[in-house]
Amino acid sequence: MPDRAPQPVDRQLPTDEARDLISLVRDIAQREIAPRAAEEEDAGRFPREVFTLLSESGLLGLPYDSEYGGGDQPYEVYLQVLEELAAARLTVGLGVSVHSLSCHALANYGTKQQQVEYLPAMLGGGLLGAYCLSEPSSGSDAASLRTKAVRDGDDWVIDGTKAWITHGGIADFYTVMARTGEDGPRGISAFLVPGDAPGLSGAVPEKKMGMKGSPTAQVHFDGVRVPDERRLGEEGQGFAIALSALDSGRLGIAACAIGLAQAALDEAVGYATGRQQFGRPISDFQGLRFMLADMATQIEAGRALYLAAARLRDAGRPFAKQAAMAKLHCTDTAMKATIDAVQVLGGYGYTADFPVERYMREAKVLQIVEGTNQIQRMVIARHLAGPEAHRTG
């Protein structure tokens, strides 16, 4: 047993309700999520029952309006919930973030009638969502997507393939970006598609280096018919809706990254204070002490960065630059912290007997999803120096 067990993160929360919420999340994480995480990830098992429990506990709609079954929580609180869940198991934290992302278009751009009809089940009715933007030939260049939605009377008929879809093939609903007009960003519209729609199917999930319990798959649309009442926002507004959702979603990824990094740090501290070499704990050696100190400092900096961006969002102020900074810094921190945690544990860190090797494999994808970190640098630079000058000839 370690001489000095890591303590829970000391959080600055705005209300007593938020403190009670974090206590509830920690209890669920310790009882229902963390104990089975390693076994289920190794087996590639998706914990659908955990998401059902989170929905029943009011944790799948936290940042949305209580009028429709949401939790009325500010992003500042919601993101810290994500961090706690991701520290217990990234599949769960990231899954909640993706579900929230998939609700964004309806909650922010849907009509009152659409919100009344669909949102309650999405936010608190046990449903699980997925967000469909990327395609096999359009990842970072999302505006070049090819999935088409063609008007047919009062319906739209969707054909195409989406790629890298978290919850692909198992989601109850999909927020889908499809081309309804001209090439480029202005020809894209958003649709809310039921998971059981005829013609919709999920491919075999990708075989990944990490997050094996979270299904990532292509989703095929073969003549999927969707009534116009399920179009979200105006025709041609879909790309703007997608980017708006991603600004918020990047904060979710940042919070999940810090949760994963914190779990790695906790494991490293627990091991270093209990492992004896040369007659004393290895945490006595300055090389390791400095490594732990650097990990902790970068994690605290990342947490402060994503919370600062969240508070801007909660205040209704622009936050896109800060969201990109948070996603960039926090995911790079997760990668570095998990690598260092493996190093602290030495040979044991390279075995599946300890979770840090899994943390390291999982951290890598966070630098890629919802905009690679190279894209985040482009976003930040545009805010600083303006758009790039495009030369022709």
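Small disclaimer: the values here were computed from a predicted structure and weren't measured. Just the heavy atoms: all of them, side chains too, but no hydrogens, waters or symmetry mates, feed the values below.
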Could you check if a side-chain atom of [X] sits within less than 4.5 angstrom of a side-chain atom of [Y], using non-hydrogen atoms only?
| X | Y | result |
| --- | --- | --- |
| Lys208 | Val365 | no |
| Lys321 | Val379 | no |
| Tyr109 | His104 | yes |
| Glu76 | Leu79 | no |
| Thr166 | Met211 | no |
| Val116 | Tyr68 | yes |
| Thr175 | Leu106 | no |
| Ser283 | Val269 | no |

Donor-acceptor pair, side chain of [X] and main chain of [Y], under 3.5 angstrom:
| X | Y | value |
| --- | --- | --- |
| Arg231 | Gly233 | yes |
| Ser189 | Glu235 | no |
| Ser23 | Arg19 | yes |
| Ser100 | Val96 | no |
| Asp314 | Tyr75 | yes |
| Lys327 | Leu366 | yes |
| Arg230 | Leu192 | yes |
| Gln376 | Gly371 | yes |
| His99 | Met122 | yes |
| Thr351 | Gly347 | no |

Please answer: with hydrophobic residues joined when any side-chain heavy atoms are less than 4.5 Å apart, are [X] and [Y] in the same cluster?
| X | Y | answer |
| --- | --- | --- |
| Leu13 | Leu59 | yes |
| Ile375 | Leu243 | no |
| Val224 | Val157 | no |
| Val98 | Tyr174 | no |
| Phe191 | Leu127 | no |

[atom1] ([X]) with more than 12 external heavy atoms under 6.0 Å:
| X | atom1 | result |
| --- | --- | --- |
| Arg146 | CZ | no |
| Glu39 | CD | no |
| Arg45 | CZ | yes |
| Glu17 | CD | no |
| Gln343 | CD | no |
| Glu229 | CD | yes |
| Arg317 | CZ | no |
| Phe285 | CZ | yes |

Should Asp247 and Arg313 count as an ion pair when the cut-off is N to O under 4.0 Å?
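No, Asp247 and Arg313 are not salt-bridged.
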Do the charged groups of Asp42 and Arg361 touch, with an N to O distance under 4.0 Å?
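Between Arg361 and Asp42 there is no salt bridge, as every charged N stays at least 4.0 Å from the carboxylate O atoms.
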Restricting to non-hydrogen atoms, name the atom on [X] and the atom on [Y] that form the minimum distance, rounded to 0.1 Å.
| X | Y | value |
| --- | --- | --- |
| Ile241 | Ala190 | CD1-CB, 4.3 Å |
| Tyr306 | Ala255 | CE2-CA, 3.8 Å |
| Gly93 | Leu85 | CA-CB, 3.9 Å |
| Ser57 | Leu24 | O-CD2, 4.2 Å |
| Gly168 | Val219 | CA-CG2, 3.8 Å |
| Ala272 | Val344 | CB-CG1, 4.1 Å |

Can you name the side-chain contact (heavy atoms from CB on, under 4.5 Å) partners of Ser138, sequence neighbours left out?
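Expected list: Glu135, Ser144, Leu145.
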Test of understanding: with side-chain contact (heavy atoms from CB on, under 4.5 Å), list the residues that count as partners of Ser66, not counting sequence neighbours.
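In terms of side-chain contact (heavy atoms from CB on, under 4.5 Å), with neighbours along the sequence ignored, Ser66 is linked to Asp72.
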Taking the six-membered ring for Trp, are Phe51 and His167 parallel (under 30°), tilted (30 to 60°) or perpendicular (over 60°)?
perpendicular
Classify the ring geometry between Tyr271 and Tyr348 as parallel (under 30°), tilted (30 to 60°) or perpendicular (over 60°).
tilted
Take Asp332 and Gln367 through the side-chain contact (heavy atoms from CB on, under 4.5 Å) test and state the conclusion after the steps.
CA-CA 7 Å; Asp332 281 354; Gln367 295 178 304; 2.7 Å; yes
For Leu384, which fellow cluster members are found when Ile, Leu, Val, Met, Phe, Trp and Tyr are connected by side-chain heavy-atom distances below 4.5 angstrom, either directly or through intermediates?
Leu305, Met325, Leu328, Ile380
Checking Asn108 against Ser244: is there a side-chain donor and acceptor pair closer than 3.5 Å?
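Side-chain D/A pair, Ser244 to Asn108: absent.
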For residues Asp294 and Gln298, is any side-chain donor paired with an opposing acceptor at under 3.5 Å?
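The criterion, which ignores hydrogens and geometry beyond distance, is not satisfied for Gln298 and Asp294.
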Rounded to the nearest 0.5 Å, how far apart are [atom1] of [X] and [atom2] of [Y]?
| X | Y | atom1 | atom2 | answer |
| --- | --- | --- | --- | --- |
| Leu246 | Leu251 | CG | CG | 11.0 Å |
| Lys336 | Asp340 | NZ | CG | 3.5 Å |
| Thr331 | Ile258 | OG1 | CD1 | 9.0 Å |

Can a cation-pi geometry be assigned to Arg250 and Phe319, taking NZ or CZ under 6.0 Å from the six-membered ring centre and within 45° of the ring axis?
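No, Arg250 does not lie over the aromatic ring of Phe319.
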Output, in order, the C-alpha distance, side-chain angles, deciding distance and verdict of side-chain contact (heavy atoms from CB on, under 4.5 Å) for Gln115 and Glu67.
CA-CA 10 Å; Gln115 292 168 348; Glu67 180 181 356; over 6 Å; no
Is there a side-chain contact (heavy atoms from CB on, under 4.5 Å) between Asp222 and Ser201? Walk through the geometry before answering.
CA-CA 8 Å; Asp222 184 9; Ser201 62; over 6 Å; no
Please assess Arg26 against Val9 for the test side-chain contact (heavy atoms from CB on, under 4.5 Å), listing each intermediate value before the final yes or no.
CA-CA 11 Å; Arg26 285 175 173 168; Val9 174; 4.1 Å; yes
Identified side chain to side chain donor-acceptor pair (under 3.5 Å) counterpart of Arg89 within the set Glu362, Glu32, Glu41
Glu41
